[in-house]
Amino acid sequence: MNLFTRRRSVALRAAAVAGVMAVAVASGGLAAHAAGAPTAVPPSSSRPFDAAGPSAEAGEAAATGKDWLHTQGNQIVDENGDKVWLTGTNWFGFNATERVFHGLWSGNITGITRSMADRGINIVRVPVSTQLLLEWKNGQAAVPSGVNTYANPELKDLTTLQVFDYWLALCEQYGIKVLLDVHSAEADNSGHIHPVWWKGSLTGEQFYAAWEWVTARYKDNDTVVAMDVKNEPHGKQTESPRAKWDGSTDQDNFKHACETAGRRILAINPKVLVLCEGIEIYPRAGKSWSSQAEGDYHFNWWGGNLRGVRDHPVDLGTGNSQLVYSPHDYGPLVFQQPWFKGDWNRTTLERDVWDPNWLYLHKENTAPLLIGEWGGFLDDGPNQKWMTALRDLIAENRIHQTFWCLNPNSGDTGGLLLNDWTTWDEAKYALLKPALWQSGGKFVGLDHQVKLGGAGSTTGISLADLYGGGTPGGDTRAPTVPAALTSPAKTSTSVSLSWTAATDDVGVTGYDVYRGTARIGTSKTPSYTDTGLTPGTAYTYTVRARDAAGNTSAASVPLQVSTADETGGGTLLSQGRNAWASSTEAGNNPDRAVDGDTSTRWGSTFQDNQWINVDLGASRTLSRVVLDWEAAYARGYRVQVSNDPNFSTWTDLYATTTGDGGTDTLTVNGTGRYVRVLGQTRATPYGISLYEFRVYGS
């Protein structure tokens with residue numbers, strides 16, 4: 001079996017070519033699980049079946065309840081107003097040529113579904129195609145060839161639609177909720193490569209009509225709680241068609257398409273969540289969509305660029321309380337993006353990639369985020385570093401997510417299951433587990449009556465179990481304020497913190513640690529160590545406690561701590577001094593390189609021969625210069641000194657043509673008032689950028 005490859009077009013590169021999977025259905029397979037068949041099957045799944053598939057009227061699923069969700073600020077809440085956390089995975093196949101879940105040629109549908117619930121998957125994102133939905137709508141559902149009925153006797157002679165409805169009944173039994181995603185226009189293994197929501201004979205109107213039909217079919221079934229309007233709209237500035245985001249009603253404006261589909265969905269079911277993904281590119285400030293110059297755009301992963309929301313938010317009218325934004329994010333094994341070059345880490349990813357593209361929506365309390373796709377291979381290297389960083393961001397901020405993916409046949413990511421479609425990849429699952437909703441050592445589902453895992457589950461609980469019988473408000477009491485914040489130890493680059501543990505009526509699950517106004521990390525114990533700091537610099541810290549329901553208390557009393565001075569290198573002369581530069585990019589002003597804050601930076605325009613200059617206030621004897629480069633560093637640069645107020649005469653303190661980024665600590669010998677770094681050649685397509693420019697001397 002060839003692997004199903006989800007290759008993406010990415011910044012500064014042409015679109016990659018997707019692989020195609022040829023499916024051979026095994027003649028044998030695992031025997032069906034004897035236990036765990038659905039106790040209640042919707043009418044559309046009950047036998048006998050009509051060969052053409054049930055009609056829309058006859059097929060509306062019977063499951064009803066009070067599990068609908070809506071939004072409050074950046075939170076998703078249930079009908080009681082209690083906060084919930086959607087944490088799940090993707091299971092693809094209905095979007096592809098086979099028109100049914102992949103893996104049913106080997107694994108058993110009941111066993112796979114139950115295993116997801118037992119392991120904390122409380123929602124599954126299911127990719128489908130517009131073509132498939134229209135076939136279902138028109139009574140053209142066929143019996144799929146990709147189902148091994150020896151492994152799945154319960155699916156014998158069922159059409160693709162009946163298989164889906166049978167699976168919905170399983171989800172209801174095991175407390176799993178479902179997110180439907182129109183992944184592509186055509187039912188094709190590489191259909192997601194097409195950049196927009198229409199293709200060939202499949203028009204934009206048919207795309208909307210397909211959404212209306214599937215919404216009507218399941219409008220009374222609160223197992224299907226969310227609709228992802230379109231997977232990964234994308235396309236570069238020189239490509240046609242391509243997806244854009246602006247205030248127009250143009251055919252290729254995905255914001256308008258999302259509003260149109262969303263409003264038509266909510267006219268049928270006003271209680272379902274509507275997810276809008278991002279696009280691939282967005283014009284830089286002062287640039288327009290008419291430009292074909294690469295440098296005029298911000299790039300991101302397909303579906304990952306939500307910069308346009310700040311200027312042009314999606315408007316669902318009275319349905320705005322159902323709106324969730326849904327970015328995608330991937331690691332360097334999918335593509336070596338520019339931000340994965342040089343000395344990158346979670347701080348640089350959050351600051352340079354996640355914050356400007358989509359995380360700002362959460363931080364500014366604009367709307368909830370559900371990261372619809374993220375995941376990859378464990379390589380004990382850069383990809384795992386990225387995945388761990390994003391996992392920690394998700395867990396600390398309780399951002400909703402569906403991991404890509406369950407399927408082992410995803411070519412550039414692998415899956416949670418191994419190739420037998422039964423055994424779990426325990427190492428990958430261990431990485432994911434902290435990003436699954438848990439309380440008191442058990443997984444939390446999104447159903448009020450059914451425990452996640454089913455009635456007899458020993459691993460999961462329901463919302464009623466968590467919030468007390470579904471009483472409005474549930475656990476709304478925040479933990480007490482952490483007290484006695486102190487610093488028991490510090491070095492020139494680190495500060496250790498400790499505090500008195502907070503208490504809570506249900507239980508404290510962790511602490512959020514803030515440096516100034518920025519949250520820098522979390523801890524499950526009343527202690528934390530902040531690293532990578534600047535010597536001889538004052539920092540202010542606070543701590544907040546949180547519980548399983550997401551309640552946070554007020555912040556602790558602030559604590560100011562100064563790191564120790566470095567020895568043997570002179571006094572820090574540059575911090576807080578006046579600085580200016582040849583150019584500035586995206587508001588990253590030169591004063592940010594001398595502010596003592598390693599989370600801020602100066603950045604230049606995307607050109608060589610850019611410089612930053614600091615005024616030491618008087619002529620000083622210099623002994624050391626420390627350059628803390630951002631990922632966009634200079635390959636060739638000079639450090640220069642001058643006493644000339646006209647800046648016409650400079651003396652080199654240091655010069656190189658082989659810079660490699662990171663932190664450069666340079667021993668120098670010179671005298672002067674003005675010190676500058678002249679970046680002569682860039683190491684990346686971007687400009688040059690410094691977190692900190694520190695000059696020492698006497």
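Note that the coordinates shown come from a computational prediction; the quantities given were computed from them, not determined experimentally.
- A salt bridge links Arg263 with Asp315: at least one charged nitrogen is closer than 4.0 Å to a carboxylate oxygen.
- Between Pro408 and Asn419, the closest heavy-atom pair is CB-OD1, 3.6 Å.
- Considering CG of Leu155 and OH of Tyr166, their distance stands at 6.5 Å, rounded to 0.5 Å.
- Looking only at atom types and distance, the side chain of Asn122 has no donor-acceptor partner in the side chain of Trp437 under 3.5 Å away.
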Audit row: Asn74, Leu369, side-chain contact (heavy atoms from CB on, under 4.5 Å) steps and yes/no: CA-CA 7 Å; Asn74 63 8; Leu369 294 171; over 6 Å; no

Test log, rule salt bridge (charged side-chain N to carboxylate O under 4.0 Å, His left out), inputs Glu212 and Lys219: CA-CA 10 Å; Glu212 287 179 317; Lys219 66 184 176 66; over 6 Å; no

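- Side chain of Thr71 to main chain of Ser321: a donor-acceptor pair is present (N/O by atom type, distance under 3.5 Å, no hydrogens or angles).
- For Asn152 (side chain) and Glu154 (main-chain N/O), no donor-acceptor pair under 3.5 Å exists by modelled atom type.
- Smallest separation of non-hydrogen atoms from Ala367 and Leu323: CB-O, 4.4 Å.
- Checked options Tyr330, Trp302, Trp404, Trp301; the residue passing with Glu373 is Tyr330 (criterion: side chain to side chain donor-acceptor pair (under 3.5 Å)).
- Counting all heavy atoms, side chain and backbone alike, Cys405 lies closest to Asn90 at CB-O, 3.5 Å.
- Distance alone, capped at 3.5 Å, is enough to place a donor-acceptor pair between the Thr480 side chain and the Thr503 backbone.
- In this structure the side chain of Tyr514 never reaches within 4.5 angstrom of the side chain of Val543, judged on heavy atoms.
- Separation of the Trp354 and Tyr360 ring centroids does not fall under the 6.0 Å cut-off.
- Checking side-chain atoms of Gln438 against main-chain N and O of Lys433 turns up a donor-acceptor pair under 3.5 Å.
- For Cys276, the disulfide (SG to SG under 2.5 Å) partners two or more places apart in sequence, or in a different chain, are Cys258.
- A donor and an acceptor atom, one from each side chain of Asn269 and Trp68, are nowhere located under 3.5 Å apart.
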Using side-chain contact (heavy atoms from CB on, under 4.5 Å), reason through Val324 and Ile76 one step at a time and then give a plain yes or no. CA-CA 9 Å; Val324 177; Ile76 298 178; 4.0 Å; yes

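- Side chain of Thr459 to backbone of Asp118: a donor-acceptor contact under 3.5 angstrom is found.
- Taking every heavy atom of both residues into account, Val481 and Ser553 meet most closely at CA-OG, 4.0 Å.
- The shortest distance between side-chain heavy atoms of Val224 and Thr215 does not fall below 4.5 Å.
- Panel note: side chain Ser326, backbone Leu275; no donor-acceptor pair is recorded below 3.5 Å.
- How far CG of Leu359 is from OH of Tyr325: 15.0 Å, rounded to the nearest 0.5 Å.
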Under the criterion side-chain contact (heavy atoms from CB on, under 4.5 Å), I'd like the reasoning laid out for Ile123 against Val225: C-alpha separation, chi angles, the key distance, then a yes or no. CA-CA 9 Å; Ile123 189 166; Val225 296; 4.1 Å; yes

Do Phe92 and His102 pass the ring pair (Phe, Tyr, Trp, His ring centres under 6.0 Å) test, and can you show the C-alpha distance, the side-chain angles, and the key distance before you say yes or no? CA-CA 6 Å; Phe92 67 75; His102 284 180; 5.3 Å; yes

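- Taking each heavy atom of Leu316 and Leu266 in turn, the nearest pair found is CD1-CD1, 4.0 Å.
- Nearest heavy atoms, Lys442 versus Thr458: CE-O, 3.5 Å.
- Side-chain contact of Trp136 with Thr160: a donor-acceptor pair under 3.5 Å is present, judged by distance alone.
- Only one option out of Leu132, Leu134, Leu180 pairs with Val214 in a side chain to side chain contact (heavy atoms under 4.5 Å, CB included); it is Leu180.
- Figure legend: Arg119 and Phe443 shown without cation-pi pairing, the cationic atom not lying both under 6.0 angstrom from the six-membered ring centre and within 45 degrees of its axis.
- Remark: Asp165 engages Arg217 in a salt bridge, criterion side-chain N to carboxylate O under 4.0 Å.
- Between the Thr89 side chain and the Thr402 main chain, no donor and acceptor come within less than 3.5 Å of each other.
- By the side-chain contact (heavy atoms from CB on, under 4.5 Å) test, Arg391 is found to be paired with Trp374, Thr388, Leu431, Pro434, Ala435, residues two or more places apart in sequence or in another chain being considered.
- Once rounded to the nearest 0.5 Å, the distance linking CG of Leu452 with CG of Leu446 reads 8.0 Å.
- Using a 3.5 Å distance cut-off with no hydrogens or angles, the side chains of Ser462 and Asp465 do pair a donor with an acceptor.
- Using cut-offs of 30° and 60° for the angle between ring planes, the His183 and His192 rings count as tilted.
- Neither side chain, Thr113 nor Thr110, offers a donor N or O lying under 3.5 Å from an acceptor on the other.
- When atom types are taken as modelled, the side chain of Asp392 and the backbone of Leu390 share no donor-acceptor pair closer than 3.5 angstrom.
- Using modelled atom types and a 3.5 Å distance limit, the side chains of Asp157 and Gln162 yield no donor-acceptor pair.
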I'd like to know whether Glu277 forms a side-chain contact (heavy atoms from CB on, under 4.5 Å) with Lys230, so could you lay out the CA-CA distance, the side-chain angles of the two residues, the decisive distance to 0.1 Å, and finally the verdict. CA-CA 7 Å; Glu277 298 188 22; Lys230 174 64 177 72; over 6 Å; no

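- In this structure, a donor-acceptor pair under 3.5 Å is absent between the side chains of Gln401 and Thr87.
- The CG atom of Leu104 sits 9.5 Å away from atom CG of Asn148, with the distance rounded to the nearest 0.5 Å.
- From Trp424, atom CH2 reaches atom CG of Leu406 across 6.0 Å, with rounding to the nearest 0.5 Å.
- Atom NZ of Lys428 sits about 10.0 Å away from atom CG of Leu417, to the nearest 0.5 Å.
- Looking at Thr422 and Asp420, their side chains never bring a donor and an acceptor atom within 3.5 Å of each other.
- Although no hydrogens or angles enter the test, the distance criterion places a donor-acceptor pair under 3.5 Å between the side chain of Asp67 and the main chain of His448.
- Figure legend: Arg544 and Tyr511 shown without cation-pi pairing, the cationic atom not lying both under 6.0 angstrom from the six-membered ring centre and within 45 degrees of its axis.
- Donor-acceptor pairing under 3.5 Å is recorded for the side chains of Asn189 and Thr97.
- Val182 places a side-chain heavy atom less than 4.5 Å from the side chain of Thr130.
- Using a cut-off of 4.0 Å between Lys/Arg side-chain N and Asp/Glu carboxylate O, Asp222 and Lys66 are scored as not salt-bridged.
- For the side chain to side chain contact (heavy atoms under 4.5 Å, CB included) test with Phe101, the passing option among Ile112, Asn407, Val126 is Val126; the others fail.
- In this structure, Arg125 pairs ionically with Asp181, as a charged nitrogen and a carboxylate oxygen lie closer than 4.0 Å.
- Of the possible polar contacts, one joining the Gln322 side chain to the Val272 backbone as a donor-acceptor pair under 3.5 Å is found.
- Checked for salt-bridge contact, Arg546 and Glu396 miss the test: no charged N lies under 4.0 Å from a carboxylate O.
- Looking at heavy atoms from C-beta onward, Asp82 lies out of side-chain contact with Glu79 at the 4.5 angstrom threshold.
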